[in-house]
Amino acid sequence: MLRYAVPGCAALAVVASAVAPALAQDSTVDPQLAASRALTREFGERLKTALTEALGRGGPGAAIAVCKDAAPALAVELSRRSGATVARTSARLRNPLNAPPPWAVPVLEQFAAALAAGRPAAGIEYFARTEAGARFMKPIVTEPLCLTCHGTALAPDVQAALARLYPEDHATGFAPGELRGAFVVAWPAAAHP
């Protein structure tokens, strides 16, 4: 496991080996780290399934509705079930309510640098303990599916929907493989999964 300091942050970012998902089963892995991995994996899988179904059923407009309405509802569901705060964030926001907390900004920068250096996304994550609890982040990488609403060549109806729903949108112009954002899991000090 390779560890490196996050600039401006006393915590460590962790770039785990490609076997990181298998480590969640290891009893030596911190329970909040294992739970965070499971929560972000579930969030990502359910969101991708919902987006794929929406695109097939109703096109990009339906997919935008999934990101606008279903993704926040899923985050609330996972938060209530786990006792952690589960969310998405990005350095280039579509929804201002998803703004990163100050501690997450250098982590997003490190994720972007790691991806640009060719590190596989599956092995990139962040976990730190603080007096306030534990924090976890996992990158969201731009996939071809994402380009419909986050790419450089958007259809006119997508541009119109984004302008109407997100007048301050900064979440376009992405290319495959770039950091789109991150899943965030923040555990309060008293929480135990």
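In this chain, numbering begins with 1 at the start of the sequence shown.
Closest of all the heavy-atom pairs between Gly83 and Pro188 is O-CD, 3.4 Å. In terms of heavy atoms, Cys149 sits closest to Leu154 at C-CD2, 3.8 Å. Minimum interatomic distance between Ala71 and Leu47 (heavy atoms only, all atoms of both residues): CB-CD1, 3.7 Å. When every heavy atom of Gln32 is checked against every heavy atom of Ala134, the shortest pair comes out as OE1-CB, 3.4 Å. Between Trp187 and Ala35, the shortest heavy-atom contact is CZ2-CB, 3.6 Å. The shortest heavy-atom contact between Leu108 and Gly181 is CD2-C, 4.2 Å.
The side-chain tip of Arg92 points at the ring of Phe174 from less than 6.0 angstrom away and within 45° of straight on.
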Notebook entry, point to check: What's the verdict on side-chain contact (heavy atoms from CB on, under 4.5 Å) for Val185 and Met137, showing C-alpha distance, side-chain angles and the deciding distance?
Noted result: CA-CA 6 Å; Val185 180; Met137 289 178 66; over 6 Å; no
Item checked: Derivation and outcome, side-chain contact (heavy atoms from CB on, under 4.5 Å), residues Phe43 and Arg88 -> CA-CA 9 Å; Phe43 197 168; Arg88 297 175 302 157; 3.8 Å; yes
Note to self: Run the side-chain contact (heavy atoms from CB on, under 4.5 Å) test on Asn98 and Asn95 for me, step by step, so that the C-alpha distance in whole Å, both residues' side-chain angles and the decisive distance to 0.1 Å come before the verdict.
What the structure shows: CA-CA 6 Å; Asn98 292 340; Asn95 182 346; 3.8 Å; yes
Margin query: Between Thr142 and Leu179, is the side-chain contact (heavy atoms from CB on, under 4.5 Å) condition met? List the steps.
Written below: CA-CA 6 Å; Thr142 306; Leu179 181 68; over 6 Å; no
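Applying the side-chain hydrogen bond (donor to acceptor under 3.5 Å, both in side chains) test to pairs two or more places apart or on separate chains, those with a residue in residues 157-176 are Arg94-Asp169. Among residues at least two apart or in separate chains, side-chain hydrogen bond (donor to acceptor under 3.5 Å, both in side chains) pairs with a member in residues 55-80 are Arg46-Glu77.
Atom CG in Leu51 sits 10.0 Å away from atom CD in Glu143 (nearest 0.5 Å). In this structure, CZ on Arg180 lies 13.5 Å from CG on Leu115, to the nearest 0.5 angstrom. Separating the SG atom in Cys67 from the CG atom in Leu165 is a distance of 11.5 Å, to the nearest 0.5 Å.
You'll find the side chain of Phe127 stays beyond 4.5 Å of the side chain of Arg135, heavy atoms only. Proximity of Phe136 to Phe183: side-chain heavy atoms (C-beta onward) are nowhere separated by under 4.5 Å.
Both Leu74 and Leu39 belong to a common hydrophobic cluster when Ile, Leu, Val, Met, Phe, Trp and Tyr are linked at side-chain heavy-atom distances under 4.5 angstrom. Val184 and Leu93 fall into different hydrophobic clusters, defined by Ile, Leu, Val, Met, Phe, Trp and Tyr side-chain heavy atoms under 4.5 Å apart, directly or through other members. Note on Val86: it clusters hydrophobically with Leu33, by side-chain heavy-atom contacts below 4.5 Å among ILVMFWY residues.
No side-chain donor-acceptor contact under 3.5 Å links Thr130 and Trp103.
A salt bridge does not link Arg37 with Glu42: none of the charged nitrogens is closer than 4.0 Å to a carboxylate oxygen.
With hydrogens and angles ignored, the 3.5 Å screen pairs no side-chain donor or acceptor of Thr148 with any backbone N or O of Pro60. Remark: side-chain polar atoms of Lys138 are paired, donor with acceptor, to backbone N or O of Ile124 under 3.5 angstrom.
Every residue two or more places apart in sequence or in another chain was checked for a side-chain hydrogen bond (donor to acceptor under 3.5 Å, both in side chains) with Glu53, and none qualifies.
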